[in-house]
Amino acid sequence: MGIGARITAIFGLGALLLSISMGGLSYFTTRHFLLAERESAAQHQAFANATLVRSSLESGDTQYADLLASLDAGSDSHSVLIHRSTAYSSSLSLSASSLPSRLRKEVLGGSAATQTYRTDAQAQPQIVVGVPIPSVQAAYYEVFSLSDLDHTLRVLGLTLFFAGVVTTLLGTALGRFASDRSLRPLAGVSRAAVAIAGGQLDTRLASEAADPDLEGLTTSFNAMVDQLQVRIEREARFNSDVSHELRSPLTTLSASLEVLEADRDNLPPRAARALQLLGDDLRRFQRMVGDLLEMSRADAGTGDVSLEEVNVSELVQRAVDAGLRSLGDGARVPQVVLGPDVHSVRVGVDKRRFERVMANLLENAANYGGGATVISVTSVPKADAGADVEIAVEDAGPGINPMERSKVFERFYRGSASGRRGTGTGTGLGLALVAEHVRLMEGRVWVESSPSGGARFVVALPVWTTDMETEADGHAW
Ligand code: ADP
């Protein structure tokens, strides 16, 4: 059970226990009070009638039916008179044998008694008062119906039951509200953590708006992010400095190499071969330094992202042309397939970054998959709102096995296919940079299997909306 559910359950349970105890207390106190009152009224009436019966019998009156009829009995009471072992009743439904035997014994023993009873489980409750009249060898019983009291108590019980149900529901609703309120600050913490994980290192929790009870959490969370930011920026700066420092000697080396290469024909074969190896490694090294520099800029958040609104089909065509140009004359020319609804679709991209992404994917397709076969552009509606444009680069090579698909976007990851390449200039940074560029353009990239079993790299970019225009204008990248 989550914290929210637990708080709600505790409130609900608390309200239920409170309703049961308060309802029970009210019911039994009221019942006790009403019953005691009714008992004392019944005794009062029975004693008054017994006095009347005694004086009539003492005066020798034996008109029992008239005597019983003349007594002061309300509509809900009936009398039984036992005179010299003969019973007389004011009601046909009441006889001496239906009186509780314990009470009769007590009255026979000479003392007055009162008892509440039911003739059977379904019958209405009744109260009976027995008064001995020893002077004339008689006993007088008066039976009172408690049906009105029973009805009152039933209504009271029902009312208290519904009040209890309502109180429990209200308690549960209050618990829900309280749990929502108390968990709201944690939702802020989780949002901030997601933003930080997504690269927005300047995200902090607002300390002035923080709940005083959560001040400790806010302070330590912000302190942790401060430290994290300092560390990441220091590392990115270090990478950037190292790459910068390496660039100048590499430029000198490459210039010197060019001089040597110009004179290659005059070199002995072994020296020419060594020069070839040196050249390959130097170019690879230069490329790695360039990629590292770009990566450290992205890490430090110093690389600018300037989103522009462009037509997606023109953008893709231009980027593919540029990518193929950099691959050289022998490169395979892929087929560009535009979906039916993408001709007029516009996306917000940083053109330089997009061209880097396409160039990288085309180069990988050439290196590992025999060249890109198809570049497709399709518009895909999103579940929430708006749409994405998916630009896919397919090849007919060996593809990437499912276990490797998320790893290929990691830095310095060189998959199993890299062993088969001929050029040997890979650094393992290409796809990591692709992922970084796409992320900065608020898109997503993934790899799947192409219809021919090769690799299919998909870049999804959000379709341009007017909100992005304001965001692009005011964004501090
Ligand atoms: P690099 O190309 O420098 O090795 P990348 O980050 O560009 O680094 O690619 C990482 C790994 O992903 C490559 O080493 C390769 O194994 C695999 N890979 C990338 N593109 C493809 C592709 N089109 N087909 C098969 N494997 C690929």
Side-chain angles (χ1 to χ4, degrees), residues 239 243 246 250 277 279-299 303 316 319-320 322-324 326-328 330-337 352-377 390-441 443-460:
N239 284 346
S243 313
L246 286 173
L250 277 176
L277 292 175
D280 284 351
D281 268 358
L282 188 64
R283 274 182 283 279
R284 179 162 179 263
F285 198 14
Q286 262 183 319
R287 194 185 153 147
M288 188 184 279
V289 168
D291 283 353
L292 272 175
L293 204 58
E294 198 162 343
M295 191 69 92
S296 59
R297 272 200 221 109
D299 284 348
V316 171
V320 170
L324 290 177
S326 71
L327 281 179
R332 176 179 186 157
V333 178
Q335 187 194 357
V336 178
V337 182
R352 184 186 67 83
R353 290 178 189 275
F354 186 76
E355 282 186 9
R356 290 278 289 136
V357 167
M358 289 307 282
N360 231 311
L361 295 179
L362 287 171
E363 192 187 332
N364 276 353
N367 283 338
Y368 306 107
T373 50
V374 177
I375 313 277
S376 64
V377 185
E390 289 186 1
I391 301 138
V393 178
E394 291 176 16
D395 63 47
I400 298 177
N401 74 52
M403 313 280 281
E404 264 189 317
R405 287 185 187 163
S406 61
K407 289 195 189 139
V408 291
F409 294 99
E410 286 172 12
R411 294 173 188 194
F412 296 110
Y413 183 82
R414 305 204 60 212
S416 41
S418 54
R420 285 196 285 278
R421 61 191 311 180
T423 61
T425 58
T427 61
L429 284 171
L431 287 177
L433 272 171
V434 164
E436 200 61 31
H437 288 312
V438 172
R439 185 183 69 77
L440 288 171
M441 292 189 289
R444 291 171 299 128
V445 59
W446 66 92
V447 61
E448 52 197 32
S449 186
S450 77
S452 58
R456 183 174 194 263
F457 281 88
V458 188
V459 175

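Quick caveat: nothing in here was measured; it's all calculated off a predicted structure. Ligands are counted one by one from 1 in listed order, and the atoms in each one are counted from 1 as well.
For the salt bridge (charged side-chain N to carboxylate O under 4.0 Å, His left out) with E294, the qualifying choice from R411, R353, R356 is R356, the only one to do so. The residue from V459, V377, V458 that alone fulfils the side chain to side chain contact (heavy atoms under 4.5 Å, CB included) condition with E390 is V458.
Counting heavy atoms closer than 4.0 Å to ligand 1, residue D395 contributes side-chain atoms (C-beta onward) but none from N, CA, C or O. Counting heavy atoms closer than 4.0 Å to ligand 1, residue F409 contributes nothing at all.
Residue contacts with ligand 1 do not include G369, since none of its heavy atoms lies under 4.0 Å from the ligand. Judged by the shortest distance from any of its heavy atoms, G399 lies inside the 4.0 Å radius around the atoms of ligand 1.
Across every non-hydrogen atom of L362 and L324, the tightest pair is CD1-N, 4.3 Å. Summarising the geometry of L292 relative to F412, their closest heavy-atom pair is CD2-CZ, 4.0 Å, with the distance given to 0.1 Å. Across all non-hydrogen atoms, the minimal contact from Y413 to V408 is CD2-CA, 3.6 Å.
For ligand 1, none of its N or O atoms has an N or O atom of A432 under 3.5 Å away. Residue R414 has at least one nitrogen or oxygen atom sitting less than 3.5 Å from a nitrogen or oxygen atom of ligand 1, judged on distance alone. Between L431 and ligand 1, an N or O atom pair is found at a separation short of 3.5 Å.
Of the candidates Y368, F457, Y413, it is Y368 that places a heavy atom closest to atom 4 (O) of ligand 1. Nearest-residue assignment for atom 26 (N) of ligand 1 (options N360, N367, I400; heavy-atom criterion): I400.
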